[in-house]
Amino acid sequence: MDDLGAQEQAVLDLITANPFAGQQDIATALGLARSTVAAHVVQLVNKGYILGRGYVLPAKQRMICIGGAVLDRKYHAKRELIFETSNPVNGHRSFGGVARNVAENLVRLGVDVSFVSIVGDDEVGRSLTRHLRDLGADVSQVITTTERPTAEYAAILGPQNDLVLGIADMEIFDLFQPSYLDRFWPHLASATWVFCDCNMPAGVIEALISRKAGARFKLAIDTVSSPKAMRLPKDLSGIDLLFTNHDEANAMLGIMSAEKRLRPKEAAEALRARGAAEVVVTMGSSGYAVANDKGVATMRSVPAHPVDITGAGDAMIAGTMYRVLEGADTVQATQTGALLATLTTESEASVHPDLSPRFLSAGMVRIPA
């Protein structure tokens, strides 16, 4: 609580001891003017130490996920695809979106999760929100709009379950404005960690990074894709943990030539040099690199028998954040993330339907020594 002044800390201590204390009671106890106490209460709300009216105190470990909420359509080809003609496939629909998938993984692991996004005023949007709510996530801050339908993503997978083509209608996220952060800022400021994906507009991401300086939460960001990675500012200061893959990392660094591409370890170091406190650069089954102030660790992935790779990267993020919230350092935490990514690829769903703390714990024996 280094960001609290002595009087702010004294006010917070009294509120913690008695959340029903009135401002005059606090002022009398501390020998302060009531107006001074009121000003301190406003600052405590803005910094996320209390949640506003009634002096509701935040949960000790709470995660907020901001970003994509999408209807995923997956089509598995029964044999090698032939372009410009009809191909037989097995179709499957599920809810997706990076932030939504991360939120579902975390809530299945028992984490106190809030989800923030924008959906259309349609049955898909209502079903998607209801699904997360029924699992136990707080969806009270999801925005509904009549201007665009809920986002959709379609993936065509080859016979070996590799992605052949992905198409997306994500224009609804352009409607999410930086001013919306004001609407639920106390909700955000009280979190332990906030995770945001780059489906959000650049202005929203920039505002989140800027305003984060006055709050107590730490910020994790995922780049989503090479084009969307460019929504991040060149100065990555304020990002506590950056998740990106090898292609996206090189795109952010302005390296387009295959001959000049940096390896994951080098890319992670370069992104740290731009201001991110910690960076995870992934290469699918080829492993990943983690860079922080202790150096760079090159890690192996967990061997898999994949059925569908959709959602693996989101599971990597969720598994990592799950362990970070428990107090593990990032290198240790990413091992759990890599395991959850592997378990997810071995399911047809973007989020493993059997996921629970016990299920994840049982898979720990698969983490490479």
Side-chain angles (χ1 to χ4, degrees), residues 63-70 72 96-106 115-119 142-143 148 150-153 155 163 166-178 180-181 188 193-212 217-256 264 267-268 270-272 274-282 284 288 310-318 320-321 337 350:
M63 182 88 181
I64 294 182
C65 298
I66 306 174
V70 182
D72 279 343
V98 174
R100 196 221 68 88
N101 286 350
V102 171
E104 181 179 341
N105 274 292
L106 287 171
F115 179 57
V116 178
S117 188
I118 184 168
V119 299
V142 174
I143 295 168
R148 291 291 304 170
T150 300
E152 291 195 21
Y153 169 76
L163 179 65
I167 54 175
D169 176 4
M170 304 284 182
E171 289 187 8
I172 188 172
F173 300 126
D174 294 335
L175 301 177
F176 197 104
Q177 299 297 314
Y180 290 160
L181 296 178
L188 292 178
W193 276 86
V194 171
F195 168 75
C196 181
D197 71 37
C198 285
N199 283 307
M200 291 289 98
V204 172
I205 297 169
E206 184 178 352
L208 184 61
I209 294 172
S210 175
R211 292 196 60 178
K212 174 249 179 184
F217 67 80
K218 290 188 174 182
L219 179 63
I221 287 184
D222 177 60
T223 49
V224 179
S225 69
S226 293
K228 291 178 181 178
M230 306 312 291
R231 295 177 179 177
L232 290 177
K234 289 190 179 297
D235 182 356
L236 301 175
S237 300
I239 299 176
D240 295 287
L241 181 53
L242 176 65
F243 293 93
T244 186
N245 71 23
H246 190 217
D247 291 337
E248 295 154 10
N250 277 279
M252 275 191 290
L253 294 166
I255 301 171
M256 304 303 174
L271 291 171
R272 268 209 83 234
R274 285 198 174 183
E278 297 187 283
V279 180
V280 178
V281 177
T282 62
Y288 58 95
T310 309
D314 310 336
M316 173 70 174
I317 296 166
T320 300
M321 297 311 305
S350 299

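Positions are given from 1 along the sequence. Excluded from the calculations below are hydrogen atoms, water molecules and symmetry mates; all remaining heavy atoms, backbone and side chain alike, are included.
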Which heavy atom of Val224 sits nearest to which heavy atom of Cys198, and what is that distance?
CG2-N, 3.4 Å

Rounding to 0.5 Å, atoms CG (Leu208) and CG (Leu188) come to a distance of 7.0 Å

Is any side-chain heavy atom of Asn105 closer than 4.5 Å to one of Met321?
no

Value for SG (Cys65) from CZ (Arg100), rounded to nearest 0.5 Å, stands at 10.5 Å

To the nearest 0.5 angstrom, please state how far the CZ atom of Phe243 sits from the OG1 atom of Thr320.
4.5 Å

So do the side chains of Ile143 and Leu175 get within less than 4.5 Å of each other, counting heavy atoms only?
no

CZ on Arg211 to CG on Leu181, rounded to 0.5 Å
6.5 Å

For Ser117 and Phe173, run side-chain contact (heavy atoms from CB on, under 4.5 Å): C-alpha distance rounded to whole Å, both residues' side-chain angles, the deciding distance at 0.1 Å, then the answer.
CA-CA 8 Å; Ser117 188; Phe173 300 126; 3.8 Å; yes

Hey, is CD on Glu152 packed in by over 12 heavy atoms from elsewhere, all under 6.0 Å?
yes

Taking the side chain as C-beta and beyond, is there a heavy-atom pair between Asp222 and Val102 under 4.5 Å?
no

Keeping Asp197 on the side-chain end and Ala99 on the backbone end, is there a donor-acceptor pair under 3.5 Å?
yes

From Ile64 atom CD1 to Phe195 atom CZ, the distance as rounded to the nearest 0.5 Å:
13.0 Å

side-chain contact (heavy atoms from CB on, under 4.5 Å) between Glu278 and Lys218: does it pass, once the steps are laid out?
CA-CA 12 Å; Glu278 297 187 283; Lys218 290 188 174 182; over 6 Å; no

Between Asp240 (side chain) and Leu219 (backbone), is there a donor-acceptor pair under 3.5 Å?
yes

Do Asn245 and Asp247 pair up side chain to side chain, a donor and an acceptor below 3.5 Å, judged on atom types alone?
no

Which atom names give the shortest non-hydrogen contact between Thr150 and Ala69, and what distance separates them?
CG2-O, 4.0 Å

Counting N and O atoms only, with roles assigned by atom type, does the side chain of Arg272 sit under 3.5 Å from a partner on the main chain of Val279, one being a donor and the other an acceptor?
no

Does Arg231 use its side chain to pair, donor to acceptor, with the backbone of Asn199 at less than 3.5 Å?
yes

Show your working on side-chain contact (heavy atoms from CB on, under 4.5 Å) between Ser350 and Asp314 and close with a plain yes or no.
CA-CA 9 Å; Ser350 299; Asp314 310 336; 6.0 Å; no

Would you say the side-chain atoms of Arg148 pair up with the backbone N or O of Asp174, donor to acceptor, closer than 3.5 Å?
no

Show your reasoning for whether side-chain contact (heavy atoms from CB on, under 4.5 Å) applies to Leu106 and Phe115.
CA-CA 11 Å; Leu106 287 171; Phe115 179 57; over 6 Å; no

NZ of Lys228 to CE of Met200: how many Å apart, nearest 0.5 Å?
9.0 Å

Thr244 and Ala249: which non-hydrogen atoms are nearest, and at how many Å?
OG1-N, 3.4 Å

Would you name the heavy atoms of Ala276 and Leu242 that are closest together and state the gap between them?
CB-CB, 4.3 Å

